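The structure appears below as structure tokens.
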There are 2 protein chains.
Amino acid sequence: MAGNSRQAGTSVTSRALAILSAFDEQHRAMSLSDIAARSDLPLATTHRLLGELSRWGALDRLPTGEYVIGRKIWDIGHLAPAETGLRQVAEPFLHDLYGATLATVHLAVRDGTEVVYLDRLRGNQSVPVVSKVGGRLPLHATGVGKVLLAHAPGEVQDTVLGGLTRITSYTITQPGTLRRQLRQVLEKGYATTREEMTLGACSIAVPIHQRDRVVAALGLVVPSLKGSEQRLYGALRVAAQSIGRRL
Amino acid sequence: MAGNSRQAGTSVTSRALAILSAFDEQHRAMSLSDIAARSDLPLATTHRLLGELSRWGALDRLPTGEYVIGRKIWDIGHLAPAETGLRQVAEPFLHDLYGATLATVHLAVRDGTEVVYLDRLRGNQSVPVVSKVGGRLPLHATGVGKVLLAHAPGEVQDTVLGGLTRITSYTITQPGTLRRQLRQVLEKGYATTREEMTLGACSIAVPIHQRDRVVAALGLVVPSLKGSEQRLYGALRVAAQSIGRRL
DNA sequence: GCCACGACTTCCATCCAGTGGAAAGCCCGG
DNA sequence: CCGGGCTTTCCACTGGATGGAAGTCGTGGC
């Protein structure tokens with residue numbers, strides 16, 4: 001007595017992809033049952049797909065039996081032109097920026113209503129930051145996020161402004177306040193945050209233009225912007241222009 | 001009149017994976033027909049699978065109609081623990097190394113008979129290097145490669161020694177010579193190359209130990225090792241030990 | 001201007017590969 | 001030694017993937 005009653009709209013391929021989607025920052029290692037539950041697939045099916053994915057190298061298996069994302073995915077991911085191209089070009093300028101400011105340097109793009117960090121240079125003894133390369137954060141509480149949001153289509157802005165979650169006591173949660181700031185970002189050419197994402201961390205960020213489109217943002221994280229805002233902005237602007245010219 | 005005669009041993013999932021495998025360093029952007037040819041699948045099937053993969057975000061489509069690896073793969077790849085964990089830990093030490101030496105810094109692991117570069121800090125005006133983050137190079141012609149090869153299982157060594165391809169006129173292609181060097185790597189604790197991969201570039205590299213296993217290699221690329229070998233080795237050893245302790 | 005050619009997209013009858021419930025292993029901890 | 005949770009294997013069934021062919025689009029040669 002065997003069954004067969006697949007849900008509508010789920011091709012075989014998308015099931016394999018659903019399994020990959022089950023992994024995220026909070027779920028880097030999962031057991032068979034976890035994965036089956038999170039991807040909403042029957043155990044037996046999940047088991048077979050996990051086998052195929054592991055054999056190919058998309059997943060690895062830990063000694064504990066848990067599954068994790070494998071090297072092959074990491075590998076192939078680095079062929080993505082947007083990410084890698086931009087990174088490649090920006091890399092030396094990020095180093096220069098770090099050398100000139102000793103602040104944590106961020107290179108980020110927008111994906112939907114989130115910031116995705118493409119690269120990060122972390123100063124050794126500098127402010128603690130939560131960003132990770134490949135990681136995501138909300139658009140409204142980071143320097144690079146505000147820049148990207150200010151240059152995003154209106155509908156994206158509306159979505160984000162409609163759900164401003166509080167992260168620290170300084171996070172901006174009033175749509176009106178943020179909208180005003182976004183207008184200023186366009187006027188002044190840079191965005192700042194003051195402990196809105198992490199207590200003790202302020203940031204300043206500028207857009208990177210490719211031709212006349214904003215494709216990424218470049219930011220610095222420092223303990224305080226007091227007095228150094230213009231100097232940091234100057235360094236950022238030069239770097240962002242140089243990167244943009246080379247795209 | 002439709003047909004259906006699938007080759008044995010090709011599950012649906014592996015067809016989707018075959019498509020992803022069709023992409024590599026030399027083929028970052030391909031048309032439908034290219035992909036179908038390279039993954040040895042019928043056009044119509046490839047077309048449908050490409051559609052599914054694109055819809056999910058595994059692939060993007062350029063304005064020209066060509067397909068490229070999409071951000072989602074890049075994203076998920078960064079959840080791979082081996083790659084990301086090691087990188088995360090090593091990052092600050094790589095910066096220190098760069099600061100201390102101003103040489104190009106490499107962090108790499110072995111995958112089969114190749115080096116995979118996990119991270120690279122490129123000095124601005126330093127020697128040109130061919131490595132890319134996520135890229136692969138042969139084991140026998142790079143500093144990090146020799147280290148990883150020296151600590152690899154015998155069968156891997158045999159395979160590599162059996163096919164030493166020439167890259168520059170200084171590349172070591174005599175199995176005996178290389179085998180002798182590998183023994184020295186184990187004795188001295190570090191490996192060197194002299195223009196074996198790129199003319200005008202020498203390198204020095206050390207292993208990174210996790211408990212008592214060699215999990216990665218750390219290397220520097222400089223115009224010349226003359227006189228600075230011991231100083232560079234010292235800096236590398238300290239960094240590698242610090243990284244190893246934190247794993 | 002028009003046709004020919006290549007590349008991409010859509011269609012659909014066929015049929016076998018994927019499916020998933022169930023049952024059998026396996027492993028701990030009590 | 002037994003019970004419960006998790007993983008692995010099994011297999012009859014069926015509906016979705018398949019791919020040859022036909023349709024469409026774009027382009028360049030004459």
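What you see is a predicted model, and the numbers here were worked out from it, not measured in a lab. Letters go in sequence order (proteins before strands), and every chain restarts at 1.
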Backbone N or O of A/P138 within a donor-acceptor pair of the A/R136 side chain at under 3.5 Å?
no
For A/L50, does its backbone N or O pair with a side-chain atom of A/R48 as donor and acceptor, under 3.5 Å?
no
Let's see if you can work this out: which of [options] has an atom nearest to the side-chain heavy atoms of [X]?
X     : options               : answer
A/H47 : D/dG19, D/dT9, C/dG20 : D/dT9
B/A44 : C/dC8, C/dC11, D/dT8  : C/dC11
A/P42 : D/dG19, C/dC8, C/dG20 : C/dG20
B/S33 : C/dG20, D/dT8, C/dC8  : C/dC8
B/R61 : C/dC8, D/dT18, C/dT19 : C/dC8

Rounded off to whole Å, could you give me the [atom1]-to-[atom2] distance for the [X] and [N] pair?
X     : N      : atom1 : atom2 : answer
A/E52 : C/dA17 : CD    : P     : 13 Å
A/L53 : C/dG18 : CG    : P     : 13 Å
A/L41 : C/dG18 : CG    : P     : 15 Å
B/D40 : D/dT18 : CG    : P     : 14 Å
B/L50 : D/dG19 : CG    : P     : 14 Å
B/D34 : C/dG6  : CG    : P     : 16 Å
B/I19 : D/dA17 : CD1   : C1'   : 13 Å
A/L49 : D/dT9  : CG    : C1'   : 15 Å

Report the residue (A/T13 or A/R48) whose heavy-atom-nearest nucleotide on DNA chain D is the more 5′ of the two.
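By nearest-heavy-atom nucleotide position, the 5'-most residue is A/R48.
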A/S31 side-chain N/O to D/dC6 phosphate OP1/OP2 under 4.0 Å:
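So the side chain of A/S31 is outside the cut-off, no N or O lying under 4.0 Å from OP1 or OP2 of D/dC6.
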Going by heavy atoms in the side chains, are A/T104 and A/R120 under 4.5 Å from each other?
yes
So A/F23 and A/I35, do their side chains get closer than 4.5 Å, heavy atoms only?
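Contact flag for A/I35/A/F23 side chains = yes.
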Could you check whether the rings of B/H209 and B/H151 sit parallel, tilted or perpendicular, using 30° and 60° as the cut-offs?
perpendicular
Answer with base, sugar-phosphate or nothing: what part of the nucleic acid does A/L43 contact at a heavy-atom distance below 4.0 Å?
base
